[in-house]
Amino acid sequence: MYTAHPDRYADMPYRRTGRSGLKLPALSLGLWHNFGPDRPVETQRAILRRAFDLGVTHFDLANNYGPPPGSAESALGAALKADFAPYRDELVVSTKAGYLMWPGPYGEWGSRKYLLSSLDQSLSRMGLEYVDIFYSHRPDPDTPLEETMGALHTAVQQGKALYVGVSNYSPEQTREAARILAGLGTPLLIHQPRYSMLDRRPETSGLLDALDELETGSIAYSPLEQGLLTGRYLDGIPEDSRAASDSPFLDSDAVTGELVGKLRALNDIAGSRGQSLAQMALAWVLREGRVTSALVGASSPQQLEDSVAAVRNLDFGADELARIDDIVTK
């Protein structure tokens, strides 16, 4: 029987999410990869247990995570039952709906029918009565935003979600979503954008400015840019890497000589900070407190431990930030 470490809250910083009362750990565990039937169950459970022991109280999912779709939620459901039943009130569990989940016209996007049906299925797979955060995973160009946000509001009214969020929404869409939700009495808690040292769109698009204005939290996904910022690509493409596989998320053509040169230069800065490249990349996303939490994946407990060690040094000097910007943008 798993017993959580008594000092699990000693080292992890927790940040208030927007103007809400909910605090999230600086690093959250994403179950996008590594939680399907192709991974040993004991490895999955060991990652989850180690995460919680390190103060990572937030597990982030979506209905289609796997593969196959739904398997990550099922894996978490089994772990919750086996290991975390006594700790449910110490956990934040989030899920999303928006991408393709089942065939036909009601299996994706942002209709009320799809979102609420998907949430029921997610709760069933995880064996939960509610999730802490339910997201609209992407905006639907063919469904009125009032309908999509109304479905999120209904989930809260039904007691199936405590908070709601959006992901992959533009600044303008985020502002409108927040306005609609405020009118319904359900605040927009959080936005989940893709954000890393190599992907600055939340900055350049004005999304972070919009979230500051709305007093809405944020949680960055792919802060390690699908593994490019882990240090695995400092000498090119390893044979067992994501870029060398048929992954749709990282193309080998993207790993150019120019990019490898930038990664090596960034790694030199990380070394001068006493950090790995991955640790510095996570610290960079969390700098200045504009991002509430950064999502990390893990294929082993040891990999997770390396990521969590990033919280030991989240401060940057102006010269360090200028050097990083010069390397990335030149």
Please confirm whether Lys113 makes a cation-pi placement over Tyr106, using NZ or CZ under 6.0 Å from the six-membered ring centre and within 45° of the ring normal.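 Judged by the rule, Lys113 and Tyr106 form a cation-pi pair.
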Check whether Phe316 forms a cation-pi arrangement with Arg273 (NZ or CZ under 6.0 Å from the six-membered ring centre, at most 45° off the ring normal).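 Judged by the rule (NZ or CZ under 6.0 Å from the ring centre, within 45° of its axis), Arg273 counts as positioned above Phe316.
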Between Asp306 and Gln279, is there a side-chain donor-acceptor contact under 3.5 Å, judged purely by atom types and distance? yes
Flag the pair [X] and [Y] as a salt bridge only when some basic side-chain nitrogen lies within less than 4.0 angstrom of an acidic carboxylate oxygen.
{"X": "Arg287", "Y": "Glu203", "value": "yes"}
{"X": "Lys160", "Y": "Asp120", "value": "yes"}
{"X": "Arg290", "Y": "Asp209", "value": "yes"}

Over 60° means perpendicular and under 30° means parallel, so tell me whether Tyr114 and Trp102 are parallel, tilted or perpendicular.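 Aromatic pair Tyr114/Trp102 classed tilted.
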Return the orientation label for the His191 and Tyr169 ring planes: parallel under 30°, perpendicular over 60°, tilted otherwise. perpendicular
Do the side chains of Leu214 and Leu145 join up, straight or via other hydrophobic residues, at under 4.5 Å, putting them in one cluster?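 In one cluster with Leu214: Leu145, no.
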Mark yes when over 12 heavy atoms from residues, nucleotides or ligands other than Glu42 sit less than 6.0 Å from its CD; otherwise mark no.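 Yes.
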Evaluate the criterion ring pair (Phe, Tyr, Trp, His ring centres under 6.0 Å) for residue pair Phe35 and Tyr65; output intermediate values, then yes/no. CA-CA 8 Å; Phe35 284 84; Tyr65 287 179; over 10 Å; no
Ring pair (Phe, Tyr, Trp, His ring centres under 6.0 Å) between Tyr195 and Tyr221, worked out: CA-CA 6 Å; Tyr195 184 39; Tyr221 75 87; over 10 Å; no
